[in-house]
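Chain naming here is simple, since letters A, B, ... match the order of the sequence lines and numbering starts at 1 in each.
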Number of protein chains: 2
Amino acid sequence: MADAKTSRLSSEQRRAQIVEAALAVFGAKGYVGARTDDIARAASVSQPYVVRLFETKENLFVAAIQEALDRITVGFAAAVADTTSDVPLEHRIGHAYIELVQVRGLHQTLSQAFLLGAHPVIGPCARNAFARVWSILRDAGFDAAAAKDFLAEGMLINTLIGLRLADDYGNDPRVDELFDTCFPAEKMTVLAFAPRADEPW
Amino acid sequence: MADAKTSRLSSEQRRAQIVEAALAVFGAKGYVGARTDDIARAASVSQPYVVRLFETKENLFVAAIQEALDRITVGFAAAVADTTSDVPLEHRIGHAYIELVQVRGLHQTLSQAFLLGAHPVIGPCARNAFARVWSILRDAGFDAAAAKDFLAEGMLINTLIGLRLADDYGNDPRVDELFDTCFPAEKMTVLAFAPRADEPW
DNA sequence: GTCTATAAGACGATAGAC
DNA sequence: GTCTATCGTCTTATAGAC
């Protein structure tokens, strides 16, 4: 998303830049709510050019889901491989998941995708992404019950991010207790990377 | 949603009918994706009349969230009060939550709302609904950790419903294991009430 | 209480130049 | 590789009749 302005980039570089912007915008406004023009602006290109590169908004959304899944795959693989500390596997992967808030819109775009199960193209793609994460966890050694608990906590994290619960932190005692219970260790990370309310679209 | 056709109802009855339709349609298509006309059709009234009764689509969505929260409140209260069996409280409330799939679109509309944290009107409303459920659980005797676990599982259930994972049940071994792990007891209920792919809008 | 007609403003996608 | 201009369609909301 770092502005590219007038420079001429390779198609691949532009695609990557636009997908990054798409994650942020789809995450913030949803599949239907996000305009291809919002994404174009965020990537500093024209709206027709976004359509030119991806043909349709639908393709672009699918590419965004794929990008999110790739990032998770890489992050989880690194967490599994990192045996330098004595932190248990569940915590390492959980930490990796929360750290992905640094990829703006990742959790929210996935949540959006998970609500599009009825969509003929996005639905199967979203189910596949979810099932893929299940496989990654199982292959990493989680038993079915542990994988379920991990996913449940992940969906709760996604929800609190989408709700922007961090916005109300400090204003509502119920919210404070909820937030502190859900992010006992990762609180500062989540607060720091909470989506800002002042996004330009 | 039972068709009303040409009959003249009281404003209150119509509102209730439209809110019921709104839950189903907002749940299926999201806040932006749902058209006021879809909701009008589902409630067998004209599109301008929906706007007449609720002023704006935004108001209607807020009314749908409120309806969902009311249903949850009533269902949970009944589960807490029902001490006729020796089923533990967590299971009774959990069962009540899953049974709410019978209110079409309830879980999905809430999920949609939970992604609208940035919306100036819906965001605070959604955060309040979530915090309200937290309070209900805490007041019912759950400690903070148990309330968190309950909500996490609830968000996982919402996700699997939104994904329409039941659509793929029997076709993908990963999905089967995931589904069976997440709904060991309530499987048949969830499968039976899974949103149909052939909704008329 | 409820409808028909329509205004007013999006928004995705296409055409075609540079 | 990238842009400007624009078409066609959809969609919320209003006006006003019955």
Side-chain angles (χ1 to χ4, degrees), chain A residues 1-22 24-26 28-64 112 116 119-122 199-201, chain B residues 1-22 25-26 28-64 112 116 119-122 200-201:
Chain A
M1 230 167 5
D3 55 21
K5 299 285 154 132
T6 38
S7 49
R8 231 173 151 89
L9 299 184
S10 80
S11 186
E12 282 313 303
Q13 283 176 307
R14 268 300 182 227
R15 287 182 73 91
Q17 201 173 48
I18 291 170
V19 167
E20 187 187 343
V25 178
F26 279 132
K29 318 227 303 184
Y31 173 57
V32 184
R35 290 163 299 191
T36 53
D37 188 50
D38 294 329
I39 296 167
R41 273 191 232 279
S44 305
V45 297
S46 70
Q47 180 268 334
Y49 191 48
V50 169
V51 177
R52 173 77 126 210
L53 285 185
F54 291 87
E55 318 282 357
T56 62
K57 179 173 160 177
E58 183 184 290
N59 286 159
L60 178 52
F61 191 74
V62 170
Q112 298 285 170
L116 291 168
H119 190 289
V121 175
I122 299 169
E199 275 146 358
W201 38 77
Chain B
M1 230 167 5
D3 54 19
K5 300 285 154 129
T6 38
S7 49
R8 232 174 150 93
L9 299 183
S10 78
S11 185
E12 281 314 303
Q13 283 176 305
R14 262 310 178 222
R15 287 182 72 92
Q17 201 174 47
I18 292 171
V19 167
E20 188 187 344
V25 178
F26 280 132
K29 318 227 302 184
Y31 173 57
V32 183
R35 289 163 299 190
T36 53
D37 188 50
D38 295 328
I39 296 167
R41 272 190 232 281
S44 304
V45 297
S46 69
Q47 180 268 334
Y49 191 48
V50 169
V51 177
R52 173 78 127 212
L53 285 185
F54 291 87
E55 318 282 358
T56 62
K57 179 173 159 177
E58 182 184 290
N59 285 159
L60 179 52
F61 191 74
V62 169
Q112 298 284 172
L116 291 168
H119 191 288
V121 175
I122 299 171
W201 38 77

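Spacing between atom CG of A:L60 and atom P of C:dG12 amounts to 11 Å, rounded to whole angstrom units. When rounded to the nearest whole Å, the span between CZ of B:R41 and P of C:dC3 equals 12 Å. Distance CG (B:D37) to P (C:dT4): 11 Å, rounded to an integer number of Å. Between B:L9 atom CG and C:dC3 atom C1' there is a gap of 15 Å when expressed in whole angstrom units. When rounded to the nearest whole Å, the span between CZ of A:F54 and P of C:dG12 equals 15 Å. Atom CD in B:E58 sits about 19 Å away from atom P in D:dT11, given to the nearest Å. Here the P atom of nucleotide C:dT4 and the OH atom of B:Y49 are 14 Å apart, to the nearest Å. Straight-line distance from the NZ atom of A:K57 to the P atom of C:dT14: 15 Å, rounded to whole Å.
Classified by interplanar angle (parallel below 30°, tilted 30° to 60°, perpendicular above 60°), the ring pair A:Y31/A:H119 is perpendicular.
Residue order along DNA chain C, read from the 5' end via each residue's closest nucleotide, puts A:Q47 first among A:Q47 and A:R52.
Between B:T36 and the phosphate of D:dT12, there is a side-chain N or O to OP1/OP2 separation shorter than 4.0 Å.
Residue A:T56 places its side chain closer to C:dA13 than to any other of C:dA5, C:dC3, C:dA13. For A:S46, the side-chain atoms get nearest to D:dC3 when compared with the rest of D:dT2, C:dA5, D:dC3. Out of D:dG16, D:dC3, D:dT12, the shortest distance to the side chain of B:R35 is found at D:dT12. Closest to the side chain of B:R8, from the set C:dG1, D:dA13, C:dA13, is C:dG1.
Of all heavy-atom pairs between A:R14 and A:L9, the closest is NH1-CD1, 3.4 Å. Residues B:F61 and B:Q112 approach most closely at CZ-CB, 4.3 Å, considering heavy atoms.
Looking at A:Q47 and A:R35, their side chains never come closer than 4.5 Å, going by heavy atoms from C-beta outward.
Applying the side-chain contact (heavy atoms from CB on, under 4.5 Å) test between A:F54 and each of A:T36, A:I39, A:I18 identifies A:I18 as the sole match.
Contacts of B:A34 with the nucleic acid, taken as non-hydrogen atoms under 4.0 Å apart, involve only primed sugar atoms and P, OP1 or OP2.
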